[in-house]
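Each ligand, and each atom within it, is numbered from 1 in the order the structure gives. Note: hydrogens, waters and symmetry copies are ignored here, and every other heavy atom, side chains too, is used.
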Amino acid sequence: MNLDILALAAHPDDVELTCGGTLIKARKQGYKTGILDLTAGEMGTRGTPETRAKEAARAARILGVSYRGSLGVPDSDVQPSRQHKLALARVIRQLRPRTVILPYWEARHPDHYHASTLGYEGCFLAGLKQLALEEEPFRPFKILYCTSFEGMPATFVVDITREYETRRRAILAYGSQFRPAKSERKQRVYLAIDELDAKMDLLARRNGDLIGVKYGEPFLQKELLQIEDVVKLPVRSI
Ligand SMILES: [Zn+2]
């Protein structure tokens, strides 16, 4: 399929919340984008897998991605096991993404940090020529990590000011998560929609502020950035 960017995360809605704006922006720049959800989010307190699948498809349409798939890993049991790594390697070989976006490798939720390791190791495996899979060996060129939550290190921030409203609509497409029925509103884990809105706004604004724009999404890459023209470097210093 030759995707330009594939964003991979543990649960449907993780990608929208961490790098949705960047995917929308890449699409506008003419790139072919995609999302791979490792699980169907079936352990979530609210919403059935069926509703969540419908919501994920709606969000994918809003983001304008060319592909959205689910790897079928059991929710709450994301592990970098051989079986899951091989399944992921096959998908990577089929989609052939140049850039892969992964969750940051430290997180509160075990699925999130395991998704990071599983993602990296699956991409590595996909490039091994001797691996007994039908598809042609392929390894992505670049791996980026989403670091949108406070206190995480970043190497660059993408300006998503123009994409922020569309990203917000994609996140709110997950009605079962953020707009639950009245009977469910007293549950402890329920995040009120206005609270979610305020939190999304605050995080994106903080990250945007780091580069002098309204809204941003931060990323980390393990390699150093190579720069050709030091005169055209963006972001004002003083
Ligand atoms: Zn998640």
Side-chain angles (χ1 to χ4, degrees), residues 5-23 33-60 62-63 65 68-81 84-85 87-88 91 100-123 143-152 154 167-180 184 187-193 195-200 202-204 207 217-220:
I5 306 186
L6 176 70
L8 178 157
H11 315 107
D13 81 10
D14 286 351
V15 163
E16 284 80 357
L17 287 162
T18 54
C19 62
T22 302
L23 289 184
T33 57
I35 299 174
L36 181 64
D37 304 310
L38 295 179
T39 79
E42 69 273 16
M43 294 299 278
T45 314
R46 293 177 304 273
T48 61
E50 293 73 32
T51 354
R52 294 197 74 172
K54 271 189 205 150
E55 292 167 351
R58 196 176 315 139
I62 298 172
L63 297 174
V65 294
R68 181 166 211 153
S70 183
L71 198 65
V73 171
D75 190 4
S76 85
D77 196 24
V78 176
Q79 302 277 353
S81 67
H84 297 335
K85 279 193 271 186
L88 176 56
V91 177
V100 170
I101 302 179
L102 299 178
Y104 186 54
W105 56 85
E106 279 176 17
R108 183 187 65 88
H109 196 315
D111 277 358
H112 293 170
Y113 57 77
H114 284 316
S116 189
T117 315
L118 171 55
Y120 181 88
E121 295 182 3
C123 288
I143 306 254
L144 300 175
Y145 296 89
C146 285
T147 59
S148 30
F149 299 106
E150 254 189 291
M152 287 182 178
R167 186 187 85 153
R168 184 175 171 271
R169 279 199 294 121
I171 295 169
L172 298 184
Y174 291 89
S176 70
Q177 306 305 298
F178 307 124
R179 281 189 261 218
E184 292 187 321
Q187 287 177 7
R188 206 162 45 88
V189 289
Y190 165 53
L191 181 60
I193 197 161
E195 238 174 86
L196 170 81
D197 231 357
K199 215 173 170 178
M200 279 193 304
L202 184 71
L203 272 175
N207 290 313
E217 278 174 349
F219 295 88
L220 182 142

Q: With sequence neighbours excluded, what pairs up with Tyr145 under the ring-ring contact (aromatic ring centres under 6.0 Å, His included) test?
A: Trp105
Q: Under a 4.0 Å N-O cut-off, is there an ion pair linking Glu16 with Arg68?
A: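 A salt bridge is present here (some side-chain N lies under 4.0 Å from a carboxylate O).
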Q: Not counting sequence neighbours, which residues clear side chain to side chain donor-acceptor pair (under 3.5 Å) with Thr39? List them please.
A: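 With neighbours one apart ignored, the set is empty.
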Q: Sort by chain and number the protein N/O/S atoms found under 2.8 Å from the Zn ion (ligand 1).
A: His11 ND1, Asp14 OD1, Asp14 OD2, His112 NE2
Q: Of all residues at least two apart in sequence or in a different chain, which pass the side chain to side chain donor-acceptor pair (under 3.5 Å) check with His112?
A: His11, Asp14
Q: Please answer whether the main-chain N or O of Pro218 pairs with a side-chain N or O of Asn207 as donor and acceptor at a distance below 3.5 Å.
A: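 Side chain of Asn207 to backbone of Pro218: no pair is present.
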Q: Is the count of non-hydrogen atoms from other residues, nucleotides or ligands lying under 6.0 Å from Phe219 atom CZ greater than 12?
A: yes
